[in-house]
Amino acid sequence: MLVSVIILNYNTYQLTCNCIESVIKYTRGVTYEIILVDNNSTECDASLFSEKFPGITLIKNKENNGFAKGNNLGIQYAQGDTILLLNSDTLLQEDAISRAAFTLAQNSSIGALGVKMTYPDGSLQYTARRFRSVQWELLDLLRFVLLLMAYKKRALLMLGKYFKCDFNTTCDWLNGAFFMLPRKIILQMPGHKLDDRFFMYGEDHLWCYQIKKLGYNCFFYCETTIIHLNNGSTDRRKQLLLTKTMMRNELEIMRVIYKRGLYYYFLRTIYICKEYCRYCIKWLVFVVFNQQIR
């Protein structure tokens, strides 16, 4: 078994080096290759990666055309039958790649596999989720109803922040920071590539929907853990801008799933009202915070 590990770099030289070093240090149970796609970084010459890691395949993209297109470029050079899309801001702590790869190989019904992720302080990230639905949105608003349920029933129904990532389960979609899939899945996608309509954010959600439409499961594997730094969360101004992008992409995914029927417009209304209120609260906190700093 050969696993092709595809990592994108865009002006994150040290983070990317740390990620590659962790892959080399901990991956022992499977043969792998590392394909690094540099999305036209300006921070430094991408050739520094080849000098530091002579065993990798370096692809210098002529432009920064986003996450999905960058990964598709890396996939074109991949030799393995198992593909792992790995964010540059992740760190392995154990042989997560071989554990995930063997789990994927043992179950032909799995079309995409993700693993447990934590922040550097050990707090949990919510990496297994359900597609948005009217039921999900209303239960998320009426959380007291969920508290009446047993934990496992509540976790399986809602996933996301209601799930402690403490057991293996199928889910609707997975966080793309560690996104493992068989090459055969990509070959069944339109154009034999991953959907690249989004520049960034929401791709993993869209891909999982398309994988499930092909008849495969998305599987959350809790028996190995990686660190996902997720640095964007520390920049409040950037976070607010990204929230708008994520909302726009989320609405497009809803349209893809539910088309343009009455159900779609009802769900869209609930979602926009909820997220706009949350956005306003975040904006107010940001403004107050800045005023306090000054």
Side-chain angles (χ1 to χ4, degrees), residues 1-9 16 19-20 22-38 49 53-59 61 67-88 90 92 94-117 127-128 168-171 173-196 203-226:
M1 180 190 303
L2 174 64
V3 179
S4 296
V5 182
I6 300 173
I7 303 171
L8 263 60
N9 175 70
T16 303
C19 176
I20 294 172
S22 75
V23 171
I24 294 170
K25 178 179 180 180
Y26 289 107
T27 306
R28 293 289 180 267
V30 71
T31 304
Y32 68 95
E33 62 175 351
I34 296 175
I35 299 169
L36 178 62
V37 179
D38 183 78
F49 288 110
F53 306 103
I56 70 171
T57 299
L58 175 64
I59 303 168
N61 204 350
F67 182 77
K69 287 186 177 180
N71 276 301
N72 277 326
L73 179 59
I75 289 168
Q76 291 178 24
Y77 289 81
Q79 300 297 310
D81 287 328
T82 301
I83 307 294
L84 172 61
L85 310 183
L86 186 65
N87 272 24
S88 63
T90 58
L92 272 60
E94 56 192 4
D95 195 358
I97 292 177
S98 69
R99 293 185 187 182
F102 282 113
T103 300
L104 182 67
Q106 289 166 5
N107 193 331
S108 61
S109 70
I110 298 176
L113 183 146
V115 301
K116 187 174 181 179
M117 299 183 200
T127 55
N168 296 337
T169 183
T170 57
C171 59
W173 64 281
L174 298 154
N175 188 305
F178 185 109
F179 197 85
M180 182 176 284
L181 68 168
R183 178 184 290 276
K184 67 180 182 181
I185 296 294
I186 299 171
L187 295 177
Q188 294 176 62
M189 296 286 196
H192 304 311
K193 64 185 181 70
L194 297 170
D195 194 310
D196 58 10
E203 305 93 335
D204 44 13
H205 191 166
L206 182 62
W207 297 339
C208 286
Y209 171 70
Q210 293 166 336
I211 288 169
K212 288 173 73 70
K213 279 198 70 178
L214 292 173
Y216 296 92
N217 293 322
C218 295
F219 187 74
F220 171 76
Y221 180 61
C222 77
E223 297 174 36
T224 190
T225 304
I226 68 168

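All of these numbers come straight from a predicted model, not from anything done at the bench.
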Trainee: Only one of Leu85, Ile20, Thr27, Leu86 passes side chain to side chain contact (heavy atoms under 4.5 Å, CB included) with Val5; say which it is.
Mentor: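 One option only clears the test, and that one is Leu86.
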Trainee: Between Lys193 and Ile75, is any pair of side-chain heavy atoms under 4.5 Å apart?
Mentor: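 A side-chain contact is absent here, since even the closest heavy-atom pair is not under 4.5 Å.
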Trainee: Could you tell me which non-hydrogen atom of Ile7 sits nearest to which non-hydrogen atom of Cys19, and how far apart they are?
Mentor: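 Shortest heavy-atom separation between Ile7 and Cys19 comes out as CD1-SG, 3.9 Å.
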Trainee: Just by modelled atom types, is the Gly29 backbone N or O under 3.5 Å from a matching donor or acceptor in the Asp95 side chain?
Mentor: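 Yes.
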Trainee: Does a side-chain heavy-atom distance below 4.5 Å link Arg28 with Ser98?
Mentor: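 Heavy-atom side-chain distance check fails, nothing below 4.5 Å.
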Trainee: Given 3.5 Å as the limit, does a donor-acceptor pair link the side chain of Ser4 with the main chain of Gly80, or not?
Mentor: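 Present.
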Trainee: Tell me, do Lys184 and Tyr216 make a side-chain contact under 4.5 Å, heavy atoms counted?
Mentor: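 Yes - at least one pair of side-chain heavy atoms lies under 4.5 Å apart.
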Trainee: Hey, can you pull the donor-acceptor pairs under 3.5 Å for the side chains in residues 100-108, sequence neighbours left out?
Mentor:
{"unit_1": "Thr103", "atom_1": "OG1", "unit_2": "Arg99", "atom_2": "O", "d": "2.9"}
{"unit_1": "Asn107", "atom_1": "OD1", "unit_2": "Ser109", "atom_2": "N", "d": "3.0"}
{"unit_1": "Asn107", "atom_1": "OD1", "unit_2": "Ser109", "atom_2": "OG", "d": "2.5"}

Trainee: Applying side-chain hydrogen bond (donor to acceptor under 3.5 Å, both in side chains), can you list everything that pairs with Glu223, at least two apart in sequence or on another chain?
Mentor: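 Scan of Glu223 (side-chain hydrogen bond (donor to acceptor under 3.5 Å, both in side chains), adjacent residues dropped) gives Asn168.
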Trainee: Please check this pair: side chain of Gln79 against backbone of Leu2, looking for a donor-acceptor N/O pair closer than 3.5 Å.
Mentor: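 Not confirmed, Gln79 side chain does not pair with Leu2 backbone.
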Trainee: Mark yes or no for whether Arg183, through its side chain, and Ile83, through its backbone, hold a donor-acceptor pair below 3.5 Å.
Mentor: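 Answer holds: no.
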Trainee: Would you confirm whether Asn175, through its side chain, and Thr127, through its main-chain N or O, come within 3.5 Å as a donor-acceptor pair?
Mentor: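 No, the answer is negative, given that no donor and acceptor are paired below the 3.5 Å cut-off.
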Trainee: Is any side-chain heavy atom of Ile211 closer than 4.5 Å to a side-chain heavy atom of Met189?
Mentor: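 The answer is yes, as the side chains (C-beta and beyond) meet within the 4.5 Å cut-off.
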Trainee: Ignoring hydrogens and geometry, is there a side-chain-to-backbone donor-acceptor pair from Ser22 to Leu92 under 3.5 Å?
Mentor: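 A pair under 3.5 Å: yes.
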Trainee: Calculate, to the nearest 0.5 Å, the distance between atoms SG and CZ belonging to Cys171 and Phe219 respectively.
Mentor: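 Taking SG in Cys171 and CZ in Phe219, the distance rounds to 9.0 Å.
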Trainee: Any idea which heavy atoms bring Cys208 and Phe179 closest together, and the distance?
Mentor: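 Shortest heavy-atom contact: SG-CE1, 3.6 Å.
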Trainee: Check whether Asn72 reaches the backbone of Leu194 with its side chain - one donor and one acceptor, N or O, closer than 3.5 Å.
Mentor: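 The answer is yes, because a donor-acceptor pair under 3.5 Å joins these two groups.
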Trainee: Find out whether Phe67 and Asn87 are in side-chain contact, i.e. whether some heavy atom of one side chain is under 4.5 Å from a heavy atom of the other.
Mentor: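 A side-chain contact under 4.5 Å exists here.
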Trainee: Name all residues meeting the side-chain hydrogen bond (donor to acceptor under 3.5 Å, both in side chains) criterion together with Thr224; count only those two or more places apart in sequence or in a different chain, and write none if there are none.
Mentor: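 Residues passing side-chain hydrogen bond (donor to acceptor under 3.5 Å, both in side chains) with Thr224: Glu94.
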Trainee: Output yes when a side-chain donor or acceptor of Trp173 lies under 3.5 Å from a complementary backbone atom of Leu206, and no otherwise.
Mentor: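 Such a contact is absent between Trp173 side chain and Leu206 backbone.
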Trainee: Do Ile34 and Phe53 have side-chain heavy atoms sitting under 4.5 Å apart?
Mentor: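 With C-beta onward as the side chain, the pair stays apart.
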Trainee: Is the shortest side-chain heavy-atom distance between Leu8 and Asn71 below 4.5 Å?
Mentor: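 SC-SC contact between Leu8 and Asn71 confirmed.
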Trainee: Say you draw a straight line from CE of Met117 to OG1 of Thr225; how long is it, rounded to the nearest 0.5 Å?
Mentor: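 Output value for this atom pair is 10.0 Å.
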